[in-house]
2 protein chains.
Amino acid sequence: MKIEEAIQQKVFKDVYNKAIVNILYTQSFIVSKQSSLFKPFGLSPEQYNVLRILKGQNNNPITVSSIQERMLNKMSNASRLVEKLKQKGYVVREECPTDRRQVDIRITEEGLNVLKELENQIYEMNRKLIQLDEQEVEILNNLLDKSRG
Amino acid sequence: MKIEEAIQQKVFKDVYNKAIVNILYTQSFIVSKQSSLFKPFGLSPEQYNVLRILKGQNNNPITVSSIQERMLNKMSNASRLVEKLKQKGYVVREECPTDRRQVDIRITEEGLNVLKELENQIYEMNRKLIQLDEQEVEILNNLLDKSRG
DNA sequence: ATACATTAATTGTCTATACATGAATTTGTT
DNA sequence: AACAAATTCATGTATAGACAATTAATGTAT
């Protein structure tokens with residue numbers, strides 16, 4: 001569906017303005033579908049993202065600030081998201097032995113299980129969310145990378 | 001900057017997964033810059049978006065639900081955003097004469113002035129936010145439109 | 001005309017973003 | 001060693017997103 005229909009706006013100032021609107025709208029489109037998928041597991045999209053980052057560490061602990069740097073939204077608040085995940089038993093916090101300012105975060109077995117359960121559903125949803133062939137997706141990725149300079 | 005560097009993630013499950021991450025990251029990148037620009041005017045990106053929708057009506061009133069349908073984020077809360085804008089004197093609310101359930105919203109002179117002041121800065125920022133040539137932007141827009149099916 | 005369903009908007013609640021501030025700890029400098 | 005500066009994280013506040021519940025007005029069927 002063209003962005004013009006999606007937000008009922010016939011004309012844009014220029015193609016750059018339209019691209020920005022298009023990116024913002026598409027993000028909202030994606031996040032809204034992700035929310036529905038994660039909801040039964042009591043996870044928000046950002047909480048899922050943090051779990052995914054932790055899994056990527058292969059059971060090595062990672063500090064709160066390292067999580068922050070890897071998050072999609074740099075302005076987000078890793079400290080609070082970690083706290084939510086801890087309450088659900090999906091992560092544990094440990095004092096960092098070499099620097100007591102830092103806090104080591106590690107994903108639990110339970111957290112890994114949740115990711116495992118979600119795996120196939122996410123794979124399928126991703127394909128529905130991006131209805132392009134492989135070549136087109138590559139171009140999209142390159143254009144987005146380039147656009148940010 | 002490639003998305004791999006931006007979030008310090010070397011590999012992705014596949015290009016579709018990478019595209020989703022890329023869209024979400026790029027949105028956050030854009031919104032964060034927009035926030036800085038709007039901040040001196042006491043506007044959030046979504047409040048600006050509502051003002052822009054109202055301006056697009058050429059001084060015709062528009063109901064809260066019509067605003068909602070035109071918003072980038074369909075799950076947002078137009079009612080509350082309008083209330084914030086009203087407090088700042090940028091919009092007025094009037095009871096709809098044909099249906100008293102509805103509320104007509106109209107942008108004020110003051111609201112139009114704010115948009116006017118922002119106009120040039122937004123034009124310049126859009127170009128910085130999307131560092132592509134015209135042809136590339138068109139492709140990006142088409143791919144995003146197609147991706148949503 | 002009454003009963004019932006539908007629609008429009010507001011409000012409440014929880015989570016997250018954006019940003020500022022504060023406390024504890026570490027690091028760098030003299 | 002003493003002190004300033006930088007860092008790491010937690011926390012407070014305002015705004016916004018996600019979604020449910022509520023209220024008021026309108027539409028519809030019998």
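None of these values were measured; they are calculated from a predicted model. Sequence lines set the chain letters: A, B, ... in the order given, protein chains first and strands last, and positions in each chain run from 1.
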Donor-acceptor pair (no angle test) under 3.5 Å: A/Arg100 side chain, C/dT25 base: no
Quiz item: B/Arg80 side-chain donor-acceptor pair to D/dG17 base, under 3.5 Å: no
Touch class at under 4.0 angstrom, heavy-atom based, for B/Thr63 against every strand present: sugar-phosphate
Sugar-phosphate only, base, or nothing, as touched by B/Asn77 at under 4.0 Å among non-hydrogen atoms: base
For [Y], is there an ion pair with [X] - N to carboxylate O distance below 4.0 angstrom?
| X | Y | value |
| --- | --- | --- |
| B/Glu110 | B/Lys88 | no |
| B/Arg127 | A/Asp14 | yes |
| A/Lys13 | B/Glu119 | yes |

Spacing between [X] atom [atom1] and [N] atom [atom2], to the nearest angstrom:
| X | N | atom1 | atom2 | value |
| --- | --- | --- | --- | --- |
| A/Glu69 | D/dT8 | CD | C1' | 12 Å |
| B/Ile67 | C/dT10 | CD1 | C1' | 14 Å |
| A/Gln102 | D/dA6 | CD | C1' | 13 Å |
| B/Met75 | D/dA20 | CE | C1' | 12 Å |
| B/Glu95 | D/dA25 | CD | C1' | 10 Å |
| B/Asp104 | D/dA25 | CG | P | 16 Å |
| A/Leu43 | D/dA18 | CG | P | 16 Å |
| B/Lys84 | C/dT10 | NZ | P | 13 Å |

Residue whose closest nucleotide on DNA chain C lies nearer the 5' end, B/Ala78 versus A/Ser76: B/Ala78
Earlier contact from the 5' end, DNA chain C, for A/Leu81 and A/Thr98: A/Leu81
Give a yes/no answer on whether the side chain of [X] brings an N or O atom under 4.0 Å of OP1 or OP2 in [N].
| X | N | value |
| --- | --- | --- |
| A/Ser79 | D/dT11 | no |
| B/Asn73 | D/dA18 | yes |
| A/Gln47 | C/dA16 | yes |
| B/Arg101 | D/dT22 | no |

5'-most by nearest nucleotide on DNA chain D - A/Lys39 or A/Val64: A/Val64
Polar contact flag, side-chain donor to acceptor under 3.5 angstrom, A/Ser32-A/Ser35: no
Donor on one side chain, acceptor on other, A/Glu69 and B/Gln8, under 3.5 Å: yes
Closest nucleotide among C/dA9, D/dC9, D/dA18 to the A/Arg93 side chain: D/dC9
